[in-house]
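Just so you know, these numbers come straight off a predicted model, no measurement behind them.
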Amino acid sequence: MGVDLRELIPDDAKIIIEDLRTLRGRVIAIDGYNALYQFLAAIRQPDGTPLMDGSGRITSHLSGLFYRTINIVEAGIKPVYVFDGKPPELKAKEIERRRVVREEAARKYEEAVQAGDLESARRYAMMSARLTDEMVRDAKALLDAMGIPWVQAPAEGEAQAAYMARKGDAYASASQDYDSLLFGSPRLVRNLTISGRRKLPRREEYVEVKPEVIELDKLLSKLGVTYENLVDIGILLGTDYNPDGFEGIGPKKALQLVKVYGSVEKIPKPLLKSPVEVDVAAIKKYFLQPQVTDNYRLEWRNPDPEAVKRILVGEHDFSAERVNAALDRYLKAFRENIRGEQKGLSKWFAKPGKQG
DNA sequence: CTGATGGA
DNA sequence: TCCATCAGG
């Protein structure tokens with residue numbers, strides 16, 4: 001789930017994106033695991049059944065990735081997907097916790113199906129969704145066919161995306177989680193891969209979800225803290241590396257403690273109660289000096305429509321008609337927005353360099 | 001989630 | 001053109 005900074009982020013540290021085209025020309029490093037997981041959880045029938053091909057293999061993630069990437073390219077954004085590598089050892093406990101939650105949800109899903117409770121079934125199906133290695137391989141193959149670059153992170157994808165944004169290779173990172181801010185991403189785009197209307201859980205209400213950009217500089221100045229302070233605040237609230245956080249400390253108190261004492265280490269021990277030992281220094285190091293790589297090239301190669309059709313239609317039983325229609329849109333958008341072949345005038349304009 | 005469809 | 005609804009795989 002990552003660190004929950006939601007309540008700490010003032011409205012004036014966010015820019016709501018009314019039209020995706022405001023990000024035209026920008027390279028955005030998208031948290032691939034996060035995006036696929038969202039598609040996998042969301043693209044389901046009312047009873048929770050995901051989309052599947054004739055062999056029973058799940059295809060929700062491919063459907064979401066394909067159509068969303070097309071929309072992103074149509075808006076003129078240059079996406080690069082960043083995938084997780086080996087999770088840090090410190091994350092083992094959180095990974096285990098998620099596994100337990102998923103298995104429990106899978107049990108409740110079966111119960112809800114038996115009871116004919118569609119709404120619960122769908123909810124538990126979403127909660128029990130698990131992204132497999134095969135799904136990630138499928139996704140990478142589809143991106144290759146579409147000419148969209150992807151980067152294999154050595155460890156955390158969010159750390160790698162943040163690093164690429166810090167270097168100026170990307171304008172922003174994109175994820176639903178806030179972790180990339182703790183990894184130092186200068187800008188975080190949320191809701192890039194889930195715009196539209198979203199149903200509130202357990203309610204017959206819908207909210208309009210729009211993409212938003214959170215600027216790290218602005219966030220820090222509004223909160224009146226340094227970047228390292230923000231990492232400390234995250235640790236007090238709880239991160240994937242110390243999911244329980246500290247007893248009785250929410251956003252308000254975390255901010256206050258860090259401001260008063262200057263760092264987690266300087267906060268008097270009696271104020272920091274935790275059921276388990278927390279290695280603050282080790283966690284801090286994960287955020288401040290994460291394992292990342294320079295071994296990537298951001299190249300938007302020409303799409304291979306036949307390869308796209310081979311994957312989606314040939315292997316996964318997508319409708320050829322729908323895929324062809326989407327590909328037409330995509331190839332046009334790719335030529336105009338990525339290649340810059342609009343009206344044959346591209347040679348008059350300088351190629352954009354560093355982002356930001 | 002996303003695109004297609006059909007009625008207002 | 002807008003929106004609600006449905007199906008997609």
Q. Which nucleotide span of DNA chain C, 5' end to 3' end, has atoms closer than 4.0 Å to non-hydrogen atoms of chain A?
A. C/dG8 to C/dG9
Q. With sequence neighbours excluded, what pairs up with A/Met135 under the side-chain contact (heavy atoms from CB on, under 4.5 Å) test?
A. A/Leu40, A/Ile58, A/His61, A/Leu131, A/Thr132
Q. Would you call the rings of A/Tyr33 and A/Tyr37 parallel, tilted or perpendicular if under 30° counts as parallel and over 60° as perpendicular?
A. parallel
Q.
Nearest whole Å is fine: how far is B/dC1 P from A/Leu40 CG?
A. 14 Å
Q: Name all residues meeting the salt bridge (charged side-chain N to carboxylate O under 4.0 Å, His left out) criterion together with A/Arg329; count only those two or more places apart in sequence or in a different chain, and write none if there are none.
A: A/Glu74
Q: Would you mind reading off the distance between A/Lys210 atom NZ and B/dC1 atom P, rounded to a whole angstrom?
A: 15 Å
Q: Can you tell me which residue pairs pass the ring pair (Phe, Tyr, Trp, His ring centres under 6.0 Å) test with a partner in residues 267-306 of chain A, sequence neighbours excluded?
A: A/Phe183-A/Phe287, A/Tyr241-A/Tyr286, A/Tyr241-A/Phe287
**Q.** Inter- and intrachain pairs under salt bridge (Lys or Arg N to Asp or Glu O under 4.0 Å), touching residues 267-285 of chain A, at least two apart
**A.** A/Asp232-A/Lys284, A/Glu265-A/Lys284
Q: Strictly below 4.0 Å, heavy-atom distances to any atom of DNA chain B: list the hits from residues 313-325 of chain A, or just say none.
A: none
Q: For DNA chain B, determine which residues of residues 64-76 of chain A have any heavy atom closer than 4.0 angstrom to one of its atoms, and list them numerically.
A: A/Tyr67, A/Arg68, A/Asn71
**Q.** Lys/Arg N to Asp/Glu carboxylate O, A/Lys210 vs A/Glu18, below 4.0 Å
**A.** yes
**Q.** Side-chain touch A/Pro303/A/Leu331, heavy atoms, less than 4.5 angstrom
**A.** yes
Q: Check each residue of residues 127-134 of chain A for a non-hydrogen atom within less than 4.0 Å of any atom in DNA chain C, then write out the ones that pass by number, or none.
A: none
Q: Scan A/Gln38 against the nucleic acid and name what it touches under 4.0 Å (heavy atoms): base, sugar-phosphate only, or nothing.
A: nothing
For residues 213-223 of chain A, which side-chain donor-acceptor pairs fall under 3.5 Å, sequence neighbours excluded?
residue: A/Ser221; atom: OG; partner: A/Asp217; partner atom: O; Å: 3.3
residue: A/Ser221; atom: OG; partner: A/Lys218; partner atom: O; Å: 3.1

Q) By side-chain contact (heavy atoms from CB on, under 4.5 Å), which residues pair with A/Ala141, not counting sequence neighbours? A) A/Ile311
Q: Check side-chain contact (heavy atoms from CB on, under 4.5 Å) between A/Arg68 and all other residues, then give those that pass, not counting sequence neighbours.
A: A/Leu20, A/Phe39, A/Asn71, A/Ile72, A/Thr193, A/Ser195
Q: For A/Arg122, enumerate each residue passing the side-chain contact (heavy atoms from CB on, under 4.5 Å) test, keeping only those at least two apart in sequence or located in another chain.
A: A/Arg44, A/Met126
Q. Does A/Arg339 make a cation-pi contact with A/Phe334, if we ask for NZ or CZ under 6.0 Å from the ring centre and within 45° of the axis?
A. no
Q: Take atom CD of A/Gln45 and atom P of B/dT2, then tell me their distance rounded to the nearest Å.
A: 18 Å
